[in-house]
Asker: 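Here it is, the structure, as structure tokens.
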Amino acid sequence: MTKEAIRDLIAQMTLEEKASFCSGGDFWHTKSCERLGIPAIMVSDGPHGLRKQADLGDHLGVNESIKAVCFPAGCATAASFNRELMEEMGQTLGNECQAEGVSVILGPAVNIKRSPLCGRNFEYYSEDPYLATEMAGALIKGIQSKNVGTSIKHFLANNQETRRMSASSEIDERTLREIYLAAFEGAVCRQKPWTLMCSYNKINGIYAAENEEFLTKVLRDEWNFDGFVVSDWGAVNRRVADLAAGLDLEMPCSNGWNDKLIVEAVQKNELDEALLDQAVERILNIVYRFAEHRDYNAVFDRDLDHEKARRVAEETIVLLKNEEGILPLSRDEEVVFIGKYAKEPRFQGGGSSHINSHKVSSALEAVKDWKVGYVQGFHDELDVVEEDLIKEAVKAAKKAKKAIIFAGLPDAFESEGFDRKHMRLPECQNELIRQVAMAQPDTVVVLHNGSPVEMPWADQVKGIVEAYLSGQAVGEAVTDILYGRVNPSAKLPESFPYQLEDNPSYLYYPGVKDISEYREGIFVGYRYYEKKKMKVRYPFGHGLSYTTFAYSNLKTDKSKMSDQDRLLVSIDITNTGKAAGKEVVQLYVADKISTELRPVKELRDFAKVELQPGETKSVTFTLGKRAFAYWNTKLHDWHVESGEFELLLGSSLEDIRGKIQVEVASTVQLPSQYTLDSTIGDLLEDEKAMKYVDGLLKNSPIFQEPEEEEGAASKSAISLEMKKAMFQDMPIRGALSFGDGTVSVKELLDIVDKINKGE
Ligand code: BGC
């Protein structure tokens, strides 16, 4: 339907009808209007499957949804570092939605994994905004290619479950831009999600739902978002203010109460009716975009999609440790699987993203015809160390050639609605692993969890596999990796610290009452650990393979560029081992000398390449301004400081295989903002300002640039270093107190004025 036709429809609506269109018809539908022939559309949770509730609706996963296929959750898919795979998964989900008449799937959820404690980390992608936004963007692209919408969520800074409906995320401007907004930005700007879901929380004291700065200024004016904004379920706080700020659709609905407030506000001239019309127009645009592109031939083939879920899962399982090549296992060796999750895997999280899987494969079932034994090892309903179960496991482990322990976080430890209390596995599992590893040196641990766990036993076992929550085909996928049918190629989308206390948000998370201060600023995840030179258990981007890769021939198409240029970076990757495999090539950028506080390096691009043994492929990246930029709070814009940058290419944050330098020149002159408090040192660093320094120094005995004199330090009470520091750090106004009295305040102000005018 054309814009004009939609506007024409709106013109025929009464004020009450328009207001009522801005809230849901029921838990999952928009409203219809028989009189004007407007259909309702259905939205459903996901996004790693379809949680379509045909009957009773709820936003917590309480009531049943239709049988569907559970793909790996966000924590896992991010580990694939594979955009094409995400896009394919999106196409499959889009097709499922078409088959089921679902217009919008409520995801992806791109919130930054700020703390390992966040209960919903399993749905989220990464601690790195670039990775998060790229992976989410690829999923959106795939889903929307089937003419089904997405709802990127939860906008903004919803990084904890504690008091999620009232807490205020207190974040400075630069951190918001570089970390929390950036996770949305790429996906919104490049993939144009049909809808965006605002979060429950406040940002710097203002509810996301009524936050004009983000819902309109950033989202619409800067990022050109043209879909509709929907509230998280029940996130509306002050309906009229929310609508004015840019929140179009309230879900589910407030039984008409909030619609009435809209009507009254228009009648009393407190709300411009044009704003209401605009919200209705945005909603109807999407209603018709879906309604007019229905694919009535689409079929939801659950068995077929299960196989697709398996293929995705195979790329999301990270091989963290493989000492003495304990993996892959051979089908002929006698192995014992230990742990409840070998038989009843934990493959998804609890809450609104919970999928009613049509079938689930367990690792045990996947190897049922091979020489594999099983013992339970632990219960996961209560965290109680059961010595008899451990004894049985130790005995079986000793008897077998290798022991594979399937451990992980029980639902009660990690879910929507609450945060984790600590970063440990249940004690009964840690004790099991410790005792089995003591009895059987050839022990491997497979983990099922949505967020990092402490691994006190990591040095005692030979192998560790991070299976994350890899969906209903988990059993097949995990055994494919364990037995080498598939070569692992996933990488950690987050750092695994040794202990919770190492995490940068530790002191402030989840905050005090309703205030959650993000005091670590931009130093989230690896940006912090690397800056602090703090060792972590496993770094961002880490993941092993059964083959090896060599990096060579790193080059750029230029060694000098301006911040308006594009830089091509290429590198050759060779599979130097015996197995076919996939490598994730990671490109980080480091600002060598910066006057701003910056992370050591930041992920700016990545690529996944598939290589046969002996094969070489060249990978090329294109970098623009943003790869070198930080958010400048004076310009309120991205800015590149002129100077040397280093491009670092490697297999993980810590496994860098090639470095190359490039000089970037800024095309933006930062405005000078000197005052009488500016220091001599700052003036001397600024080409335009340094010529005024002499004028300030005239006739000042101690206001003289110190000269290197031999032995000066020993002759004087103050060292040369101290003199230099005094000089450098002296505010300009110091000329009044420490000069000979001939420089006046007016003269100083004139100098400052001239410098600021660039004279
Ligand atoms: C969750 C959303 C979800 C919605 C609908 C909310 O509680 O935060 O992620 O899409 O419910 O179920």
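Numbering of ligands and ligand atoms starts at 1, following listing order.
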Asker: Could you tell me the residue and atom name of the protein heavy atom closest to atom 12 (O) of ligand 1, and the distance to it rounded to 0.1 Å?
Answerer: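 For atom 12 (O) of ligand 1, the nearest protein heavy atom comes out as Asp45 OD2, 2.4 Å.
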Asker: Go through ligand 1 atom by atom and flag the ones less than 4.0 Å from a non-hydrogen atom of Arg51.
Answerer: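 Every atom of ligand 1 under 4.0 Å from some heavy atom of Arg51: 12 (O).
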Asker: Think Arg120 forms a cation-pi with Phe418, using NZ or CZ under 6.0 Å from the six-ring centre and within 45 degrees of its axis?
Answerer: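 Negative - Arg120 is either too far from the ring of Phe418 or too far off its axis.
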Asker: Donor-acceptor pair, distance only, cut-off 3.5 Å: does the side chain of Asp419 make one with the backbone of Glu161?
Answerer: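 Looks like yes, one N/O pair under 3.5 Å.
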Asker: Above 12 or not: heavy atoms from other molecules or residues under 6.0 Å from CD of Glu381?
Answerer: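 Yes - once you tally the heavy atoms of other residues, nucleotides and ligands closer than 6.0 Å, there are more than 12.
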Asker: Using a strict cut-off of 4.0 Å, indicate which atoms of ligand 1 neighbour a heavy atom of Arg164.
Answerer: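 Ligand 1 atoms under the 4.0 Å threshold to Arg164: 7 (O), 8 (O).
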Asker: Short list, please: which atoms of ligand 1 are under 4.0 Å from a heavy atom of Ser352?
Answerer: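 In order of numbering, the contacting atoms are 1 (C), 2 (C), 3 (C), 9 (O), 12 (O).
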Asker: Decide yes or no on ring pair (Phe, Tyr, Trp, His ring centres under 6.0 Å) for Tyr518 and Tyr180, but give the supporting numbers first.
Answerer: CA-CA 11 Å; Tyr518 286 43; Tyr180 297 97; 5.1 Å; yes
Asker: Closer than 4.0 angstrom: is that true for some heavy atom of Glu416 and an atom of ligand 1?
Answerer: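 So Glu416 counts as touching ligand 1.
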Asker: Can Met251 be said to touch ligand 1, with heavy atoms closer than 4.0 Å?
Answerer: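 No heavy atom of Met251 comes that close to ligand 1.
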Asker: Compare Trp233, Phe27, Tyr200 and give the one whose heavy atom is closest to atom 7 (O) of ligand 1.
Answerer: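 Looking at heavy atoms only, Tyr200 sits closest to atom 7 (O) of ligand 1.
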Asker: Using a strict 4.0 Å cut-off to heavy atoms of Lys153, name the atoms of ligand 1 that fall inside it.
Answerer: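 Heavy-atom distances to Lys153 below 4.0 Å select 2 (C), 3 (C), 9 (O), 10 (O).
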Asker: What protein heavy atom lies closest to atom 11 (O) of ligand 1? Include the residue and the distance to one decimal.
Answerer: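 Minimum-distance protein heavy atom for atom 11 (O) of ligand 1 reads His59 CB, 3.3 Å.
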Asker: Quick check on salt bridge (charged side-chain N to carboxylate O under 4.0 Å, His left out): which of Asp248, Asp277, Asp259 does Lys18 satisfy it with?
Answerer: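 Running salt bridge (charged side-chain N to carboxylate O under 4.0 Å, His left out) over Asp248, Asp277, Asp259 with Lys18 returns exactly one hit, Asp277.
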Asker: Suppose I only count heavy atoms of His154 and a 4.0 Å limit; which atoms of ligand 1 are within that range?
Answerer: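 Heavy-atom distances to His154 below 4.0 Å select 2 (C), 8 (O), 9 (O).
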Asker: Using a 4.0 Å heavy-atom cut-off, which part of Gln53 comes near ligand 1: side chain, backbone, both, or neither?
Answerer: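 Gln53 to ligand 1: no contact under 4.0 Å from either part.
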Asker: Are more than 12 heavy atoms, taken from residues, nucleotides or ligands other than Tyr508, located less than 6.0 Å from that residue's OH atom?
Answerer: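 More than 12 heavy atoms, drawn from other residues, nucleotides or ligands, come within 6.0 Å of this atom.
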Asker: Below a 4.0 angstrom heavy-atom separation, can you tell me which part of Arg120, side chain or backbone, both or neither, approaches ligand 1?
Answerer: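 The part of Arg120 near ligand 1 is the side chain, not the backbone.
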Asker: Identify, for atom 4 (C) of ligand 1, the protein heavy atom at the shortest distance, and state residue, atom and that distance.
Answerer: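 Looking at atom 4 (C) of ligand 1, the protein heavy atom closest to it is Asp232 OD1, 3.4 Å.
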Asker: Is there a donor-acceptor pair closer than 3.5 Å between any side-chain N or O of Glu414 and the backbone N or O of Gly119?
Answerer: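 Here the side-chain-to-backbone pair does not exist.
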Asker: Would you mind running through ligand 1 and noting each atom that sits below 4.0 Å from a heavy atom of Met197?
Answerer: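 Per the distance check, 10 (O).
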Asker: So is Arg238 actually on top of Tyr207's ring, under 6.0 Å and inside 45° of the axis?
Answerer: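 No; the conditions do not both hold, so Arg238 does not lie above the ring face of Tyr207.
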Asker: Between Ser126 and Asp128, does any side-chain donor sit less than 3.5 Å from a side-chain acceptor?
Answerer: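 Note: Ser126 and Asp128 side chains miss the donor-acceptor criterion.
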